[in-house]
Student: 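Have a look at this one before I ask anything.
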Amino acid sequence: MAELAGSSVPRRALGRVLRELRTEARMTLDGAAAALECSRQKVWRIESGVGVVRGVDVWAMCELYGARRELTAALVALAGETRGRGWWHAYGDPVPDWFDLYGGLESAACRLREHAGALVPVLLQTRGYAAATCRSRLGTTEGDRERLLDARLRRQGLLRRRLPRPPRIEVMLCEAVLLRQVGGAATMAGQLRYLADAGRLPHVSIRVLPLAAGPHVGAIAGPFVLLDFPPGLRADPDPPVVYRESLTGALYLDRPAEWAAYERAWSGLDALALSEDESRRLIVKTGEEMDPG
């Protein structure tokens, strides 16, 4: 059991990229194992995120698959993080910020639940709203902001993809999110109209936590995302993950006690939030008041 210790998040991210590299190199598991002079089971376990991973093994796999030097360095650094329990990813240290850890988890999830206390979640942002939030990033160049905007908009394909089936997306929006003008009145009104429309998708639920609810557990917990994963080819699904983002990094939690605490927080929000229909009416009304034209 010792080899299973540690956070599953860096292991899963590492395995996903190594599997993609092997596929791009047109190599089978058996072929890779033969070239690496190891067992097929070892390659499979690394790709499946089972157990800690040695940097020397990752380096050898990257060399075999012809990975770029900077990607190899990032993956070797990530291998060094596979022993951590609660895992904090600080942007650029040791894994660079261009290595999209959260995107892989989000794409693989079968259910996403997000508590948004300050801004509209990225998956539900319009281009104008997303551009305005990117412009607020301090210490970034125009090129950096454009790349960030492009990455955000690409992620939104998850909302309407056909195969695999898109995840169930449930959002709890604090009412303050509706009232905070981002990008001007017209941009904000367009964002609220888009939210009202997106909430009609069969796999999307958008509910509002009214200001009248007063202090609640979400105000203490802050913004967070709960990610559940499908079973896939294994009997048991990957463990769920709590994701929290800040200015300097992101926290990934997957220990059972941590998950249970955030499940309780979500249940508390669920008890206070308006229904989907009530929330849609409030979103529409707020948008009309913000920009009557």
Student: Show your working on side chain to side chain contact (heavy atoms under 4.5 Å, CB included) between Tyr102 and Leu227 and close with a plain yes or no.
Tutor: CA-CA 10 Å; Tyr102 178 75; Leu227 300 98; 3.9 Å; yes
Student: Salt bridge (charged side-chain N to carboxylate O under 4.0 Å, His left out): which pairs involve residues 201-216, sequence neighbours left out?
Tutor: Arg207-Asp270
Student: Can you measure from SG (Cys110) to NE2 (His203) and round to the nearest 0.5 angstrom?
Tutor: 13.0 Å
Student: So which residues get pulled into Leu149's cluster when ILVMFWY side chains under 4.5 Å apart are joined, directly or through others?
Tutor: Leu153
Student: Does Glu263 pair with Arg113 as a salt bridge, N-O distance under 4.0 Å?
Tutor: yes
Student: If you take all heavy atoms of Pro166 and Arg161, which pair is closest and at what distance?
Tutor: CD-O, 3.2 Å
Student: Looking only at heavy atoms, which two atoms of His115 and Leu209 are closest? And how far apart?
Tutor: CD2-CD1, 3.9 Å
Student: Taking the six-membered ring of Phe229 (Phe, Tyr or Trp), confirm whether the NZ or CZ of Arg12 is under 6.0 Å from its centre and within 45° of its axis.
Tutor: yes
Student: Where do Trp266 and Leu226 come nearest, in terms of heavy atoms and distance?
Tutor: CB-CD1, 4.1 Å
Student: For a 4.5 angstrom cut-off between non-hydrogen side-chain atoms, does Met61 reach Val43?
Tutor: yes
Student: Which atoms form the tightest heavy-atom contact between Leu269 and His216, and what is the distance?
Tutor: CD2-ND1, 3.6 Å
Student: Would a 4.5 Å heavy-atom cut-off, applied to side chains only, mark Arg152 and Thr133 as touching?
Tutor: yes
Student: Between atom OG1 of Thr72 and atom CG of Leu21, what is the distance when rounded to the nearest 0.5 Å?
Tutor: 8.0 Å
Student: To the nearest 0.5 Å, tell me how far Leu274 CG sits from Arg281 CZ.
Tutor: 9.5 Å
Student: Only counting residues at least two apart or in another chain, list the ones meeting side-chain hydrogen bond (donor to acceptor under 3.5 Å, both in side chains) with Arg40.
Tutor: Asp30
Student: Going through the distances and angles, do Cys62 and Leu18 end up as a side chain to side chain contact (heavy atoms under 4.5 Å, CB included)?
Tutor: CA-CA 8 Å; Cys62 287; Leu18 289 173; 4.2 Å; yes
Student: Would you list the atom pairs, donor with acceptor, under 3.5 Å between side chains in residues 180-190 and any protein atom, with sequence neighbours excluded?
Tutor:
| from | atom 1 | to | atom 2 | distance (Å) |
| --- | --- | --- | --- | --- |
| Arg180 | NH1 | Ala118 | O | 2.5 |
| Gln181 | OE1 | Ala185 | N | 3.3 |
| Thr187 | OG1 | Gly183 | O | 3.0 |

Student: Are Leu148 and Leu158 connected in a single hydrophobic cluster, I mean Ile/Leu/Val/Met/Phe/Trp/Tyr linked by side-chain heavy atoms less than 4.5 Å apart?
Tutor: no
Student: Kindly write out the residues that satisfy side-chain hydrogen bond (donor to acceptor under 3.5 Å, both in side chains) with Arg54, not counting sequence neighbours, or none if the list is empty.
Tutor: Asp57
Student: When Glu47 is tested against each of Arg11, Lys42, Arg22, Arg16 for salt bridge (Lys or Arg N to Asp or Glu O under 4.0 Å), which residue passes?
Tutor: Arg22
Student: With side chain to side chain contact (heavy atoms under 4.5 Å, CB included) as the test, would you mind laying out the steps for Val208 and Ile283 before giving the verdict?
Tutor: CA-CA 8 Å; Val208 176; Ile283 290 169; 4.1 Å; yes
Student: Is the shortest side-chain N to carboxylate O distance from Arg147 to Asp144 below 4.0 Å?
Tutor: yes
Student: Going only through I, L, V, M, F, W and Y residues with side-chain contacts under 4.5 Å, is there a path from Leu105 to Val122?
Tutor: no
Student: Just jot down the salt bridge (Lys or Arg N to Asp or Glu O under 4.0 Å) partners of Glu278, sequence neighbours excluded, or say none.
Tutor: none
Student: So if you build clusters from Ile, Leu, Val, Met, Phe, Trp, Tyr with side-chain heavy-atom gaps below 4.5 Å, do Leu36 and Leu71 land together?
Tutor: yes
Student: In sequence, state the C-alpha distance, the side-chain angles, and the governing distance for Asp277 and Arg280, and then conclude on side chain to side chain contact (heavy atoms under 4.5 Å, CB included).
Tutor: CA-CA 5 Å; Asp277 288 340; Arg280 186 177 298 111; 3.2 Å; yes
Student: I need the minimum non-hydrogen distance between Val120 and Gln191, along with the two atoms involved.
Tutor: CG1-NE2, 3.8 Å
Student: Got a sec, which residues hit side-chain hydrogen bond (donor to acceptor under 3.5 Å, both in side chains) with Arg155, two or more places apart in sequence or on another chain?
Tutor: Glu106
Student: Under the rule for salt bridge (Lys or Arg N to Asp or Glu O under 4.0 Å), what residues qualify as partners of Glu170, not counting sequence neighbours?
Tutor: Arg111, Arg168
Student: When rounded to the nearest 0.5 angstrom, what distance separates OG in Ser205 from CE in Met172?
Tutor: 7.0 Å
Student: Asp197: what forms a salt bridge (Lys or Arg N to Asp or Glu O under 4.0 Å) with it, not counting sequence neighbours?
Tutor: Arg200
Student: Looking at Trp59, I'd like to know if its CH2 atom is crowded, meaning that more than 12 non-hydrogen atoms belonging to other residues, nucleotides or ligands lie closer than 6.0 Å.
Tutor: no
Student: Do Leu78 and Val58 have side chains that approach each other closer than 4.5 Å (heavy atoms only, starting at C-beta)?
Tutor: no
Student: Is there a path of hydrophobic side-chain contacts, each under 4.5 Å between heavy atoms of I, L, V, M, F, W or Y residues, that connects Val284 with Leu173?
Tutor: no
Student: Linking I/L/V/M/F/W/Y whenever any side-chain heavy atoms sit under 4.5 Å apart, do Leu192 and Leu179 land together?
Tutor: no
Student: If I compare all heavy atoms of Ala109 with all of Pro230, which pair ends up nearest, and what's the gap?
Tutor: C-CD, 4.3 Å
Student: With a 4.5 Å heavy-atom cut-off, do Asp254 and Trp259 have their side chains touching?
Tutor: no
Student: Just to verify, what does Tyr262 make a ring-ring contact (aromatic ring centres under 6.0 Å, His included) with, not counting sequence neighbours?
Tutor: Phe224
Student: Would you please name every residue forming a side-chain hydrogen bond (donor to acceptor under 3.5 Å, both in side chains) with Glu142, sequence neighbours left out?
Tutor: Arg145
Student: Report yes if some heavy atom in the side chain of Ile206 is under 4.5 Å from a heavy atom in the side chain of Leu124; otherwise report no.
Tutor: yes
Student: For residues 152-191, pull every pair meeting ring pair (Phe, Tyr, Trp, His ring centres under 6.0 Å), keeping only residues two or more places apart or in separate chains.
Tutor: none
Student: What's the separation between atom CZ in Arg193 and atom OG1 in Thr286, rounded to the nearest 0.5 Å?
Tutor: 13.0 Å
